[in-house]
2 protein chains.
Amino acid sequence: MRETAQILREKGLKVTPQRIAVYNMLLSTSEHPNAETIYKALEPTNPTMSLATVYKTLDFFKQLGLVQELNVREGSSRYDAVVKCHPHTVCTECGQVRDLYMDDLTDIHKKLAKELDFEVECEQLILYGICADCQRKHAEG
Amino acid sequence: MRETAQILREKGLKVTPQRIAVYNMLLSTSEHPNAETIYKALEPTNPTMSLATVYKTLDFFKQLGLVQELNVREGSSRYDAVVKCHPHTVCTECGQVRDLYMDDLTDIHKKLAKELDFEVECEQLILYGICADCQRKHAEG
DNA sequence: TCCTAAACGATAACTATTTTTATATAATAA
DNA sequence: TTATTATATAAAAATAGTTATCGTTTAGGA
């Protein structure tokens with residue numbers, strides 16, 4: 001894995017412990033955390049970290065294409081270090097957000113957009129429903 | 001068209017001028033307005049209307065399945081009287097939000113979800129990009 | 001018409017986020 | 001290395017969108 005510090009430097013960002021911490025945290029998780037969750041996760045090991053810095057850092061990262069923002073009908077945004085547009089599933093019971101890969105969908109969407117004379121920059125597909133775990137709980141309960 | 005009053009009554013809601021106004025406004029537009037826009041549109045003809053009532057009314061309608069809430073990377077939610085899940089295009093320049101109908105997509109999504117053991121309740125597809133009008137403006141400018 | 005629960009409007013409160021400001025720190029050049 | 005300087009930081013205050021509160025009004029049934 002390339003050094004986080006180097007990636008930040010290449011993007012023209014000054015390298016600070018806070019930025020490294022936020023980016024590494026996002027790289028190491030697949031749970032699509034929001035700003036609050038990121039802050040809470042980093043606080044123990046980075047006692048000087050502040051929530052405002054997390055927000056500002058995420059905003060920088062977003063603009064530079066280091067992270068992706070995700071809105072799933074919650075009050076706050078979630079973040080993903082996987083920048084490429086990809087679909088997600090969101091469990092309406094436990095709130096779990098998971099990635100979902102499906103390249104052939106993109107082609108269909110592009111064809112559709114072409115018909116509409118709409119130039120697609122990014123397509124966002126979110127499937128809301130019940131995840132396997134919650135379905136099982138229903139069956140048992 | 002069925003009377004708005006009757007629809008509200010069937011849903012167990014008391015029929016008030018405010019609720020009728022909000023619902024009719026949503027039925028008559030295709031621009032997916034947010035609460036603020038709805039309020040501003042109704043204020044002239046309903047001088048006693050308050051923004052809080054618009055929010056409360058939209059919340060009722062949402063819970064009863066009379067309207068659909070839509071989040072398109074803006075600070076505020078937009079609303080649609082078309083309840084059935086359907087894709088949207090969002091122009092990142094002018095902010096225009098349009099409906100997009102495509103039934104065969106649903107089948108693809110369902111098949112995909114089945115493989116994942118995920119029970120889909122609602123699928124949300126949003127294409128972000130540049131609308132035809134804004135593309136034309138670019139070409140001219 | 002009268003009664004009562006529900007809805008209303010005004011405004012305060014709340015939450016997520018952004019901005020401000022004074023201080024601290026990273027990158028650069030000497 | 002050290003001094004410089006622009007940028008980043010933390011904390012607090014401000015903001016925007018939304019929700020809660022509360023006294024008043026109204027819809028719908030008796």
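The sequence lines fix the lettering, A, B, ..., with proteins before strands; numbering per chain opens at 1. No experiment lies behind these values; they were computed from the predicted model shown. Every heavy atom of this structure was used, including side-chain atoms; hydrogens, water molecules and symmetry mates were not.
The structure places CD of A/Glu123 at 13.0 Å from OG1 of B/Thr89, a figure rounded to the nearest 0.5 Å.
For B/Lys11 and C/dA7, the NZ to C1' distance is 20 Å, given to the nearest whole Å. What separates CG of A/Leu42 from C1' of D/dA10 is a distance of 15 Å, to the nearest Å. Remark: P of C/dA26 and NZ of A/Lys14 are 9 Å apart, rounded to the nearest angstrom. When the P atom of D/dG17 is taken as reference, atom CZ of A/Arg73 falls 21 Å away, rounded to whole Å. With rounding to whole Å, A/Arg9 atom CZ is found 14 Å from D/dA8 atom P. Regarding B/Leu8, its CG atom lies at a distance of 17 Å from the P atom of C/dA6, rounded to whole Å. At whole-Å resolution of the value, CG in B/Leu13 and P in C/dA5 are 19 Å apart.
A salt bridge does not link A/Asp59 to A/Lys56: none of the charged nitrogens lies less than 4.0 Å from a carboxylate oxygen.
When the ring pair (Phe, Tyr, Trp, His ring centres under 6.0 Å) test is applied to A/Phe61, the partners found at least two apart in sequence or on another chain are A/Tyr23.
Alongside B/Val97, the hydrophobic cluster contains B/Leu70, B/Val72, B/Val90, B/Ile126, B/Tyr128 (criterion: ILVMFWY side chains under 4.5 Å).
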When you check every protein heavy atom under 4.0 Å of nucleotides 8-18 of chain C, what one-letter string (B, S, -) results, 5' to 3'? SBBB----SBB
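Looking at B/Thr53 and B/Gln18, their side chains never bring a donor and an acceptor atom within 3.5 Å of each other.
In the hydrophobic clustering of this structure, B/Ile130 does not group with A/Val120; members are Ile, Leu, Val, Met, Phe, Trp, Tyr whose side-chain heavy atoms approach within less than 4.5 Å, directly or through other members.
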